[in-house]
Amino acid sequence: LVISAELARTGKAPFGVRAGAEGKIMFEMGDDKIAVLPRAGYNGGPTGGIGFEYQSFIVDYANVSLPLGLSHRVSLGYAIGGKPASRDDD
């Protein structure tokens, strides 16, 4: 479990709190492992997401509350030359 928090200020706006947490759940499929990374946070509103890592492939999804509504963010990645950084302690 990773937990982080910070105070941030943009320009002359008042300080704001940003905080988040990420867990890691490992599943085994034969000789392979899949990491599931649930995430939750606060950045002026609730945020959440989930990540999946299989071999060198990474898929991340995030849902962020913005002033104009919800924003959905998806990223795809590939770890060249090894496994993703979050799997270094396997």
Side-chain angles (χ1 to χ4, degrees):
L1 178 67
V2 176
I3 297 173
S4 69
E6 68 179 11
L7 288 174
R9 182 177 179 182
T10 303
K12 295 186 179 197
F15 282 96
V17 176
R18 299 177 185 168
E22 176 184 80
K24 180 165 76 169
I25 305 165
M26 298 296 294
F27 294 96
E28 292 188 21
M29 290 179 44
D31 293 336
D32 293 325
K33 292 182 181 178
I34 295 177
V36 178
L37 304 144
R39 301 178 181 113
Y42 179 83
N43 184 11
T47 63
I50 191 163
F52 299 95
E53 296 176 353
Y54 174 69
Q55 295 178 351
S56 295
F57 296 96
I58 306 161
V59 178
D60 283 308
Y61 167 78
N63 187 326
V64 181
S65 179
L66 299 174
L68 295 177
L70 294 178
S71 173
H72 301 274
R73 300 176 182 177
V74 176
S75 69
L76 305 173
Y78 183 81
I80 297 173
K83 57 189 172 182
S86 69
R87 304 237 343 249
D88 282 343
D89 60 348
D90 291 342

Can you tell me how far apart [atom1] ([X]) and [atom2] ([Y]) are? Round to the nearest 0.5 Å.
X   : Y   : atom1 : atom2 : value
I3  : E22 : CD1   : CD    : 11.5 Å
R18 : N43 : CZ    : CG    : 5.0 Å
E6  : F15 : CD    : CZ    : 11.5 Å
K33 : F27 : NZ    : CZ    : 13.5 Å
I25 : F52 : CD1   : CZ    : 9.5 Å

- I80, CD1 atom: more than 12 neighbouring heavy atoms under 6.0 Å: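 It does not: I80 CD1 has 12 such atoms or fewer within range.
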- Item | Verdict with reasoning, V17 to L7, per side-chain contact (heavy atoms from CB on, under 4.5 Å) | CA-CA 5 Å; V17 176; L7 288 174; 3.7 Å; yes
- Task: Please step through side-chain contact (heavy atoms from CB on, under 4.5 Å) for the pair L70 and S65, ending with a clear verdict.
- Result: CA-CA 5 Å; L70 294 178; S65 179; 4.1 Å; yes
- Looking at M26, Q55, M29, which hits side-chain contact (heavy atoms from CB on, under 4.5 Å) with I34?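 With I34 as partner, side-chain contact (heavy atoms from CB on, under 4.5 Å) holds for just one option, M29.
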- Message: Testing N63, D60, V2, T47 one by one against R39 for a side-chain contact (heavy atoms from CB on, under 4.5 Å), which residue passes?
- Response: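 Considering N63, D60, V2, T47, a side-chain contact (heavy atoms from CB on, under 4.5 Å) with R39 is found only for D60.
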- Message: Closer than 3.5 angstrom, by distance alone: can the side chain of S71 be matched with the main-chain N or O of V64 as a donor-acceptor pair?
- Response: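 Such a contact is absent between S71 side chain and V64 backbone.
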- Message: If you compare all heavy atoms of A21 against all heavy atoms of L1, which two are closest, and at what distance to 0.1 Å?
- Response: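 Where A21 meets L1 most closely, the heavy atoms are CB-CD1, 4.5 Å.
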